[in-house]
Structure formats: C-alpha cells, structure tokens
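Inspection log for the structure reproduced underneath, given as structure tokens.
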Amino acid sequence: MAHFEIRNLSFSYPGSSRGKALDNVNLTIERGEYLTVCGKSGSGKTTLLRHLKSVLAPHGKLTGEILFNGRPLQDADLRTQSAGIGYVMQNPDSQIVTDKVWHELAFGLESLGTDQKTIRLRVAEMASYFGIQGWFHRNVAELSGGQKQLLNLASIMAMQPEVLILDEPTSQLDPIAASDFLNTVRKINLELGTTIIITEHRLEDIFHASDRVALMEGGRITACDTPRRVGDRLKYGNNDMFAAMPAPVQIYYSLKDRLKTPGECPLTVREGRNWLSGIFAESEPTVTEIEKEEFGEIGVPAISVKEVWYRYEKNAPDVLRSTSLGVQKGSFHAIVGGNGTGKSTMLKAICGICKPYRGNILINGKKLEKYKDGELFSSNLAMLPQDARSIFVKKTVREDLEEMTAGGDEGEAAIAEVAEICDISHLLDTHPYDLSGGEQQRAALAKVLLTRPQILLMDEPTKGMDSFFKRKFAEIIGDLKSRGVTVLMVSHDVEFCAAYTDVVSMFFDGGIVTTDTPNSFFSRNSFYTTAANRMSRHIFANAINNEDVTELCIKNL
C-alpha cells in the first residue's frame with residue numbers, strides 16, 4: 001500500500017489573482033521512497049507539501065483528495081498525523097518551541113502523552129544518533145542555524161514517523177553543514193525505511209539519492225521519473241529548470257555531442273570524476289588552466305572595517321574579534337564561512353545596528369558615528385536582511401513598495417520598473433506572507449532597490465531562489481555595478497559566488513582569514529569549493545564553474 005495517494009488535487013489561495021496554486025495534481029508516493037520535488041519559486045512545491053499534513057495546510061479552496069495509508073488524510077486524527085508524519089520547515093526558528101535542547105527533543109513525545117521511561121530512552125537514542133550529546137544541556141538560542149535544523153530533525157525522528165517531509169531544509173546552512181544534514185536524511189531513509197519527501201533548490205546532494213524526481217511547473221507535476229530520465233527530459237525539452245541540475249549532469253550534456261562514446265550521465269561528483277578520467281584515459285590534456293586575474297590592492301574603499309570588536313552581552317564571548325575588511329567601490333564582494341561565525345553580525349555592525357566597543361567602520365571614508373540620523377540610509381546604504389519577511393509591514397506587496405516612494409506617477413513608474421526587474425509584477429496584489437520563500441526574497445530585493453542605494457548589503461540573498469532567477473539576480477547586480485553601486489554579500493551559495501562575484505573573503509573565528517579572487521579562492525579549497533572543481537581538480541588546475549570544465553575539455557578534445 002502506498003503511503004500517499006494524491007488524486008486530482010487543486011487548490012487556490014483566497015483572494016489570489018494568480019490562479020490555482022495546485023492544478024489537478026496526481027501523485028503516488030510509495031513506502032520507503034525518497035522523492036525529490038523540484039521546480040521554480042512559486043511553482044507550488046511548498047503548498048503541495050503542506051497539504052500532506054492537515055495542521056499545516058493553508059486556508060483556501062481545495063478540491064480532490066489525499067489518501068494516507070489508504071484512508072482519507074482528513075480522517076486521520078491529530079495524534080496519528082503528529083506521530084506518523086514529520087515535517088521539517090525551511091526556517092528552523094519557526095519550529096523550535098522550547099528553551100533547552102533536551103526539552104526540545106522531548107517536547108513532541110510529551111505532547112503525545114508518552115511515558116517518561118520511553119521519553120528518556122528515545123531522547124538518549126536521538127541525541128546519540130545525531131551527535132547532540134555535546135550541546136544537550138545548552139540553550140536553543142545559543143545554537144547555530146545548522147545545529148537548530150539538526151535539532152528539529154532529531155526532535156521529529158524521536159516520534160518515529162513513517163514519513164519525513166522536508167521543505168528546503170538547508171536553505172540557511174553553510175555547504176558543509178548542508179551536506180552533513182542531507183547525508184543524515186539519506187541515512188534515515190536507507191537504514192530506517194522512512195519515506196522521504198523533500199524540496200530543494202540545491203540539488204547536488206539529493207538528486208542522485210532520489211528514487212524519483214517530481215518536477216512542478218505552474219502548480220502541475222509535469223514530470224515524475226528517475227533522476228537520469230528527468231535530467232534528459234529537461235535538457236532536450238529546453239526547460240529552464242535544467243539550470244538547477246547538479247554540475248556533473250550539466251557538464252555531461254554540454255559535452256555529450258562532442259564525444260564518440262559519451263557513456264551514461266554521471267549524477268554525483270564521484271561519477272563525474274570517473275567519467276572525466278575516462279574521456280582523457282588515452283591522452284593527457286595539454287591545457288589544464290583557465291586564465292585568471294590575480295588579486296591586487298583594494299583601490300578606493302566604499303567600506304572600511306578596521307580592528308572591530310563586538311559582543312552581544314557584557315560577559316559573553318566576542319563575536320567579532322579584531323575584524324578588518326576593505327570593500328572596493330563598485331565591486332561585488334562576497335563573504336563565505338560557516339554558520340555562527342559572525343558574518344551577519346559584521347553586516348549589522350556596518351549598517352549601525354550592532355555598535356562595536358572597539359575599532360572603526362568607515363562608509364565612503366567617513367566614520368559611521370559621524371553620520372547624522374537618517375543620513376546613512378538616505379540614498380546611501382541599504383541592507384537586505386536574511387529573513388525577508390522582517391521588512392514586510394503591509395497587506396500587499398504593492399503597498400510595501402509604495403512605502404518606499406514619494407507616490408504619484410513617478411512612484412508608480414518606479415514600482416513598475418523594479419517589479420519588472422525582480423519578476424514580481426504578477427505578485428503585486430498578493431500578501432507578502434502568501435509568497436514562496438524565493439518570491440519573498442525577490443519582493444524584499446525590490447523594496448530595498450527602491451531606496452536607490454550606493455552601497456548594498458545583502459545577507460543570504462539567494463536563499464530560496466531558483467537557479468533560473470539566480471541568473472537574473474546576477475544581471476541585476478551587474479546593472480547596479482555599472483552604475484557605481486558597491487555590493488557586499490554574505491552567502492552560503494558557493495556556486496553563485498564562484499560564478500558572479502569579483503572578490504571572495506573567508507570569515508572564521510570572528511574575523512576575515514583570507515581574501516582573493518573567486519578562481520584563486522575556490523580552486524585552493526578542498527571542501528569549501530564548487531562541485532565542478534571537486535569533479536575536475538584531478539585533471540584541471542583551477543576550473544571552478546561548469547563553463548570552466550566544459551571550456552578546458554573542448555580545448556583538449
């Protein structure tokens with residue numbers, strides 16, 4: 001018997017002008033299956049997943065039916081759904097309800113009325129399985145984003161669910177933490193037989209592990225097949241979602257027609273490495289390097305951070321420790337690093353939210369404290385926060401954007417222009433909280449751009465964005481740079497940083513440890529690098545993007 005049977009499911013949000021969020025969806029999910037649901041932002045992925053657990057289902061007009069273990073889902077009581085269907089949300093803070101790690105692990109079991117002996121056993125088992133012993137007694141507020149998401153997963157698994165649903169669970173995790181988290185999910189599927197239903201924009205770590213991949217477009221499931229067949233269909237159907245495929249898949253199809261015996265499409269970095277080795281088995285490549293720019297001295301700095309120290313509480317450890325950074329005017333500068341290292345705190349210090357107790361911050365050569373009230377943010381500096389929802393204060397996206405203009409025809413024209421740039425014209429009359437994660441990011445970006453800043457700070461701007469819009473986003477940044485705007489971005493998206501930034505800095509232990517060009521930075525790293533680099537580094541010296549690998553292969557074939 002299948003775990004879920006979705007039959008002719010359609011859903012519309014109340015008052016929405018966007019049409020159906022789900023349009024006649026039919027899908028069967030077997031026991032023990034690992035199903036990946038992918039698609040552009042706003043394609044209906046999250047809406048579909050939320051309908052698989054009644055308490056999370058959004059309000060609106062619903063037709064069709066969902067069967068869980070052969071019975072209508074609505075007939076399953078709250079206890080049955082709570083114990084049988086686990087759900088991990090995109091934002092870990094949205095799911096944590098207690099103050100201590102040990103209490104969070106026990107909370108779900110306590111809510112189900114489980115006896116104390118069983119609770120202690122399950123909590124001990126989960127803490128051991130997920131490696132939580134070292135921070136078992138800590139406050140939840142002290143945990144990093146990766147630790148919080150792992151705690152969410154452990155708390156849900158303590159209830160021994162039959163099905164585990166994950167909605168972009170790694171969107172706020174650094175690459176290493178994300179890979180570890182998804183490997184744990186795969187282990188749960190293989191060892192415990194738990195059915196996994198997951199949505200992700202970053203497919204590198206889950207595409208190959210999937211039994212099937214379901215592609216959603218405009219509220220419909222347009223394909224549901226094995227990973228290789230879906231990749232083939234996207235490529236030869238000229239589908240925009242092919243840009244989301246893992247690096248080995250994209251590189252394979254870029255070279256397939258040039259090879260006499262292309263072989264089977266690789267899905268993992270390891271398969272891709274072996275595939276490349278096979279291509280050059282008979283002749284060593286003669287061209288092994290991409291031309292690269294050397295990192296020089298920073299010219300005129302738009303932002304200067306000099307020996308800055310900061311802590312959140314008087315007796316707490318320092319988050320920023322002698323932090324120094326220079327950002328050249330008109331450049332696109334990225335900062336990468338693990339969760340909880342202080343990257344976001346540095347952005348807050350630059351825009352005056354966090355006030356350092358030692359050191360100086362200069363914006364365009366002027367000390368931060370010398371700026372008068374409002375002067376710093378008046379067509380000068382703007383920040384796109386990590387949580388896009390925090391800047392929405394109105395009932396519609398249009399009203400939120402109107403708040404940033406002087407009104408009249410000029411204001412309407414500015415809104416129309418920025419809505420077109422950020423691809424949200426069709427979302428203007430929608431409540432911001434009804435948007436998907438990626439759509440919220442785009443709407444928040446539009447609101448920030450209306451301030452016409454000369455310096456733009458961004459904290460995880462590509463979180464929740466689909467691969468198709470990331471390219472558009474890079475074009476937006478390029479346009480801003482052409483107008484002299486300086487962009488400083490904190491990001492976990494190493495693929496985006498490698499492809500589009502001018503300079504990359506590594507943040508660790510409260511400070512910047514290195515700054516270099518993307519090519520030099522990522523080609524030197526073993527783990528904090530791109531899939532294309534890991535796949536090709538045994539043959540090519542400094543290929544960091546799919547295009548680099550393809551170019552070098554073509555030169556040597």
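Values below: all heavy atoms of this structure, side chains included; hydrogens, waters and symmetry mates excluded. Since we're looking at a predicted model, the values are computed, not measured.
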Review point. Going by distance alone, is a donor N or O of one side chain under 3.5 Å from an acceptor N or O of the other, for D429 and T396?
Key: no
Point to revise | N/O donor-acceptor pair under 3.5 Å between T170 side chain and L173 backbone | key: no
Exercise for review: May I ask you to check whether over 12 heavy atoms, not counting those of R452, lie within 6.0 Å of atom CZ?
Suggested key: no
Exercise for review: Might you confirm whether atom CD of E410 has over 12 heavy atoms from other residues, nucleotides or ligands at distances under 6.0 Å?
Suggested key: no
Practice item. Examine the side chains of D434 and T430 and answer whether a donor and an acceptor come within less than 3.5 Å of each other. Key: no
Point to revise | Chi angles and distances behind the salt bridge (Lys or Arg N to Asp or Glu O under 4.0 Å) call for D493, K470 | key: CA-CA 11 Å; D493 193 339; K470 282 180 187 178; 2.6 Å; yes
Point to revise | Neighbour count above 12 (heavy atom, 6.0 Å) for F468 CZ | key: no
Exercise for review: Answer with yes or no whether the side chains of Y357 and D318 bring together a donor and an acceptor at under 3.5 Å.
Suggested key: yes
Exercise for review: Search all heavy atoms of R202 against all heavy atoms of A178 and return the closest pair with its distance.
Suggested key: NH2-CB, 3.4 Å
Review point. Could you give all pairs that pass the salt bridge (charged side-chain N to carboxylate O under 4.0 Å, His left out) test and reach residues 471-483, with sequence neighbours left out?
Key: D479-R483, K481-D502
Check your understanding: Is a side-chain donor or acceptor of K343 paired with a backbone partner of G337 at a separation under 3.5 angstrom?
Key -> yes
Review point. Side chains of S322 and E307: do they bring a donor and an acceptor to under 3.5 Å?
Key: yes
Review point. Taking the six-membered ring for Trp, is the centroid-to-centroid distance between Y253 and Y236 below 6.0 Å?
Key: yes
Check your understanding: Does the side chain of E217 come under 3.5 Å of the side chain of N239 through a donor N or O and an acceptor N or O?
Key -> yes
Check your understanding: Does a side-chain N-to-carboxylate-O contact under 4.0 Å join K366 and E375?
Key -> yes
Check your understanding: Do the side chain of R442 and the main chain of D423 share a donor and acceptor less than 3.5 angstrom apart?
Key -> yes
Exercise for review: Test Y500 against F473 for ring-ring contact (aromatic ring centres under 6.0 Å, His included), laying out the working first.
Suggested key: CA-CA 10 Å; Y500 300 112; F473 178 59; 8.9 Å; no
Check your understanding: Can we say K463 and E168 salt-bridge, meaning some charged N sits less than 4.0 Å from an Asp/Glu carboxylate O?
Key -> no
